[in-house]
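In what follows, chains carry the letters A, B, and so on, assigned in the order in which the sequence lines appear, proteins first and then strands, with residues in each chain numbered from 1. Basis for what follows: all heavy atoms, side chains included, without hydrogens, waters or symmetry-related copies. Please read all numbers here as calculations on a predicted model, not as lab measurements.
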There are 2 protein chains.
Amino acid sequence: MSIRQRATLDDVARLAHVSPKTVSRVFSQRHLVSPATAEAVLAAAKRLKFRPNTVARNLRGGASNTVGFVIGELLNPFYSTVATGLERVLADNGKTLIVASTDDTAEGEERVADTLLAQRVAALLMVPVGEDQSYLEGERQLGCPVISIDRPARNLVADSVVLENRTGAFSATRSLMARGHRKIAYICNPAAVYTQAERIQGYREAIASGGRAEPTPWERLLDDPAANPAAVVADLLAMDDAPTAIIAGNNRMCIGALQVLDSLEHPPALIGFDDFDTADILGVSVVSHDAVDMGRQAAELALERIMDPTGFTRQIIIPTKLIHRGSGEHPPYA
Amino acid sequence: MSIRQRATLDDVARLAHVSPKTVSRVFSQRHLVSPATAEAVLAAAKRLKFRPNTVARNLRGGASNTVGFVIGELLNPFYSTVATGLERVLADNGKTLIVASTDDTAEGEERVADTLLAQRVAALLMVPVGEDQSYLEGERQLGCPVISIDRPARNLVADSVVLENRTGAFSATRSLMARGHRKIAYICNPAAVYTQAERIQGYREAIASGGRAEPTPWERLLDDPAANPAAVVADLLAMDDAPTAIIAGNNRMCIGALQVLDSLEHPPALIGFDDFDTADILGVSVVSHDAVDMGRQAAELALERIMDPTGFTRQIIIPTKLIHRGSGEHPPYA
DNA sequence: ACAGTCCATGACAACGCTGTCTAAATCTGT
DNA sequence: ACAGATTTAGACAGCGTTGTCATGGACTGT
């Protein structure tokens, strides 16, 4: 249980009878050291269980090998999937990923961003929650690139990686229309976020392309986190003029809808947004996307900006794809 | 696009006409500074957009506010759920979480552990993959606590947080037996990991308690990552003496089993291990656990060890709970 | 044999911050 | 009004590393 002292460059240097700088070179620019010396240094380092201190290294070099990811909640599979993609690319480039979650509040976002910036992350990746990211503008000017994921940052010059939401919703809606559906519901909660706004727009564009100009009476754009998805769907189906098809704007609504539809003999068609584990078993058609790839692209964008913080910002759009599994392909039972 | 210089303590000190140390105090021991001075310093800091550098602070203090988590793959919901619990507790205690994944290989594990240790994490949490973690013994003696999650570390003195695997499997098996099942299968892949070994033992103990001494003919303990879960289940049910109930040792096997059982008129009873998103909709009974809590407890253990690296190591056991949802409660159709 | 190169190594300061010690100014009680 | 305690602030060094520059010896070509 004895706690020994951690060996430093100087300790190794002393043992190997060389200068600290030579030891430093062995661990970072080996080619500048003669093989014999290097070997002696390595032997000494091994004996002392020496391990270079990245933190000190970065302090001196002014660099940083960490990248911060500000996330709503790691529990949400979407975030953790994106984080997977990030981590893979970053690890391949010698960077480590620091994850911090915001509890999905704007204050939380600012607080954790602050913590990460104090750690001098080389770049800040985030899924913005708040309405305004202008508080990061200073840091960006100080050379810390900000990459916004899933939704664009507001009031801030930042690169972003987003989904092809509108097209995804458009094609889901069109697919239902092509099968004869005219009364197509769109349900989501919360609705007041970028992704839903985009999806709703895609949905409406598709409906409009079929001749209907005004918003449909089957839209349920909620903003109450406590709303019960199943109840919303049940209400919808109890209407006089009930929809024959439902598009669920996100996973939670989709699973809520499933709970209701399960017990129906002639359930309405259902298309979800965002794929989930058992969707194929359940035969649920969804508008899917590759969240790992989203993370990957975001990380690559970050690495690029770390190299060159100047230059125009970019927006990368990740494609979505309608996957037919049955639930979205049956015609209206009317 | 101009990149300004980042302000340091000294810059702020100069602007506020005080010594750097005073500025330092304002940001860490405010009560030792007179209110007037503090205010002046804060004003100067604000004007310069100064942000204390945690890295430099830690370098001097010899401490660290980061904790590393070595993980197989963030994509796996179990890992990301544990990470959630970790992150919550760590954030509450002013620490940030660095996540690094190993691709589930022993070499990967050693490599990323090395990277994290070079970052001087205050503690190393890990889900061990390799057969031997003795390579960490040196670091532990150097004062970096190691906490092993989900499985105990091998050849290393380390605290650990594991599930009540054996009891979970035992009670699942007994529950099936109580409903009249005598031919109970246990399927898992891979089988050569601690958690499965424990679960299998619990299963066998339960079977033995019913009178059967030797291993059952319905065990399918695979170790081929490429094995198709559905095919294994189909084979099992095609036996002359087919089982009337199945216990799936993990999520993947459980979902595989579902795919087969779905099409059967009289499916065998099924109990899975580890809960999943749509298990309630699908009516799948499972032995469940609270992975967030696992993370939480691991983090608390880590914090405790950071405070006091000496002292006896502990093993925390997280309870498992059998959740009845239907699939595991029907009697044998024989 | 001699200037001009090249190579291996080292001395020194600095990265941004804080622990430790010291000094001066202010306050306390009598 | 004075010793002693307390408050406030600064000087200095050092955390573990590396950038920069300097040094000395071994090479090259003529």
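At whole-Å resolution of the value, CG in B:Asn58 and C1' in D:dG14 are 16 Å apart. The nearest whole Å value for the distance from the NZ atom in A:Lys21 to the P atom in D:dC21 is 12 Å. Rounded to a whole Å, the CG atom of A:Asn53 is 12 Å from the C1' atom of D:dT18. Distance A:Arg51 CZ to D:dG16 P: 15 Å, rounded to the nearest Å. Rounded to an integer number of Å, the gap from CZ of B:Arg57 to P of D:dG16 is 18 Å. Here the P atom of nucleotide C:dC15 and the CG atom of B:Asp11 are 10 Å apart, to the nearest Å. Rounded to whole angstrom, the span from the CZ atom of B:Arg14 across to the P atom of C:dC17 amounts to 12 Å. Taking atom CG of residue B:Leu9 and atom C1' of nucleotide C:dA14, one finds them 15 Å apart after rounding to whole Å.
Heavy-atom distances to DNA chain C give each of A:Val23 and B:Pro20 a nearest nucleotide, and the one nearer the 5′ end belongs to A:Val23.
Heavy-atom distances under 4.0 Å link DNA chain D to B:Arg25, B:Val33, B:Ser34, B:Thr37 of residues 24-49 of chain B, given in residue order.
Nearest heavy atom pair, residue B:Ser64 against residue B:Ala122, reads OG-N, 3.5 Å. Smallest separation of non-hydrogen atoms from B:Cys144 and B:Leu117: SG-CD2, 3.8 Å.
Contact check for B:Thr54 versus A:Arg120: no side-chain heavy atoms found under the 4.5 Å cut-off.
Listed by first and then second residue, the salt bridge (Lys or Arg N to Asp or Glu O under 4.0 Å) pairs involving residues 69-95 of chain B are A:Glu73-B:Arg88, A:Arg88-B:Glu73 (not counting sequence neighbours).
Checked by atom type, the side-chain pair A:Ser148/A:Gln133 shows no donor-acceptor distance below 3.5 Å. Side-chain atoms of B:Thr81 and B:Thr84 include no donor-acceptor pair closer than 3.5 Å.
Across all strands shown, A:Asp10 has heavy atoms under 4.0 Å from base atoms, whether or not it also approaches the sugar-phosphate.
At the phosphate of C:dG16, neither OP1 nor OP2 sits under 4.0 Å from any side-chain N or O atom of B:Thr8. OP1 or OP2 of D:dG10 sits under 4.0 Å from a side-chain N or O of B:Thr22. Phosphate contact (OP1/OP2 of D:dG14, side-chain N/O of B:Arg60, threshold under 4.0 Å): absent.
A salt bridge links B:Arg296 and B:Asp293; the closest N-O separation between the charged side-chain nitrogens and carboxylate oxygens is under 4.0 Å.
For A:Leu59, the side-chain atoms get nearest to D:dG16 when compared with the rest of D:dT20, D:dG10, D:dG16.
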